[in-house]
Amino acid sequence: MTKSRFLVLLLTLLSGCVGTPEGLTPVSGFEANRYLGHWYEIARLDHRFERGLEQVSAHYSQNPDGSIQVINRGYDPEQRQWRQAEGTAKLVGEPSVGQLKVSFFGPFYGGYHVAALDPDYKYALVIGRNLDYMWLLSREKTMPEKVKDKYLEIAKGIGYDISRLVWVEQ
């Protein structure tokens with residue numbers, strides 16, 4: 001394989017990590033500055049980065065270059081210690097659309113799509129690049145059943161198997 005073909009293949013693979021699942025339209029009217037701050041993870045699809053963690057939260061703050069600092073934190077009860085990951089998020093496309101890319105590993109980005117967001121920015125449904133990643137987030141350690149049910153219906157409509165969700169102990 002030539003060097004140029006390899007680079008094209010690599011760029012194609014990397015850009016695919018930010019893709020949007022079929023059937024998802026990220027929220028419009030998104031205001032990144034209102035989204036900043038502390039969020040609690042209410043539920044997630046399990047994946048190796050958070051497996052076994054409780055009391056999981058995410059904190060978003062503005063970096064001087066306009067990107068968003070991401071600090072994910074959770075408690076590992078088996079190890080009896082807190083684990084933390086720091087990353088960077090950047091808006092993708094129109095700034096008024098809830099579509100970002102997030103990196104915790106250098107130049108490798110994953111999709112972060114806000115699929116639902118209440119008008120007061122208190123609750124959010126976040127979808128990853130495919131049907132393997134999904135989070136229910138809240139500004140508080142709980143989420144009203146009505147909001148939870150609404151967001152789960154949206155997720156099911158996109159194709160998520162919500163029976164696989166891990167409900168996070170806060």
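By convention here, the first residue in the shown sequence is residue 1. What's counted below: heavy atoms across the whole structure, side chains too, no hydrogens, waters or symmetry copies. Everything numeric here is computed off the predicted structure, so don't read it as measured data.
- Salt bridge status for E41 with R44: present, with a side-chain N to carboxylate O gap under 4.0 Å.
- Between the side chain of S138 and the backbone N or O of K141, no donor-acceptor pair lies under 3.5 Å.
- Identified under the ring pair (Phe, Tyr, Trp, His ring centres under 6.0 Å) test for residues 123-166, with sequence neighbours left out: H47-Y133, H47-W135.
- Residues L125 and V114 are not in side-chain contact: their nearest non-hydrogen atoms beyond the backbone lie 4.5 Å or more apart.
- Listed by chain and number, the residues in a side-chain contact (heavy atoms from CB on, under 4.5 Å) with K122 are D118, D120, R139, E140 (sequence neighbours excluded).
- The side-chain heavy atoms of L152 and K148, taken from C-beta on, include a pair separated by under 4.5 Å.
- Counted within 6.0 Å of CZ on R34, heavy atoms from surrounding residues, nucleotides or ligands total more than 12; the atom is thus considered enclosed.
- Here E54 pairs with nothing under the salt bridge (Lys or Arg N to Asp or Glu O under 4.0 Å) rule; sequence neighbours left out.
- Under the salt bridge (Lys or Arg N to Asp or Glu O under 4.0 Å) criterion, no residue pair touches residues 157-170, with sequence neighbours excluded.
- Side-chain contact between V97 and P26 is present, with at least one heavy-atom pair separated by less than 4.5 Å.
- Panel note: side chain R83, backbone F49; a donor-acceptor pair is recorded below 3.5 Å.
- Residues I127 and P21 meet the side-chain proximity criterion, which asks for heavy atoms closer than 4.5 Å.
- Looking at Q62, its side chain does come within 3.5 Å of a backbone N or O of G66 through a donor-acceptor pair.
- Counting only heavy atoms from C-beta outward, the side chains of L45 and V166 never approach each other to under 4.5 Å.
- V168 is not connected to M134 by any chain of hydrophobic side-chain contacts under 4.5 Å among Ile, Leu, Val, Met, Phe, Trp and Tyr, and they are in different clusters.
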Going by atom type alone, with no hydrogens or angles, which donor-acceptor pairs under 3.5 Å involve a side-chain atom of residues 84-95 and a protein atom two or more places apart or on another chain?
unit_1	atom_1	unit_2	atom_2	d
Q84	NE2	E86	OE2	3.4
K90	NZ	Y109	OH	3.4

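- You'll find the side chain of L137 stays beyond 4.5 Å of the side chain of Y40, heavy atoms only.
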Original post:
After noting the C-alpha distance and the side-chain angles of E153 and K156, does the key distance pass the salt bridge (Lys or Arg N to Asp or Glu O under 4.0 Å) rule?
Top reply: CA-CA 5 Å; E153 283 302 313; K156 283 189 337 189; 3.1 Å; yes

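- To the nearest 0.5 Å, atoms CD (E50) and CG (D76) are separated by 12.0 Å.
- Annotation: E22, atom CD; neighbour count of heavy atoms from other residues, nucleotides and ligands within 6.0 Å does not exceed 12.
- Counting heavy atoms from C-beta outward, V70 and Y112 have side chains that stay 4.5 Å or more apart.
- The main-chain N or O of S28 is never found under 3.5 Å from a side-chain atom of S96 such that the two would form a donor-acceptor pair.
- Sequence neighbours left out, the pairs with a member in residues 74-93 that pass ring pair (Phe, Tyr, Trp, His ring centres under 6.0 Å) are Y75-W82.
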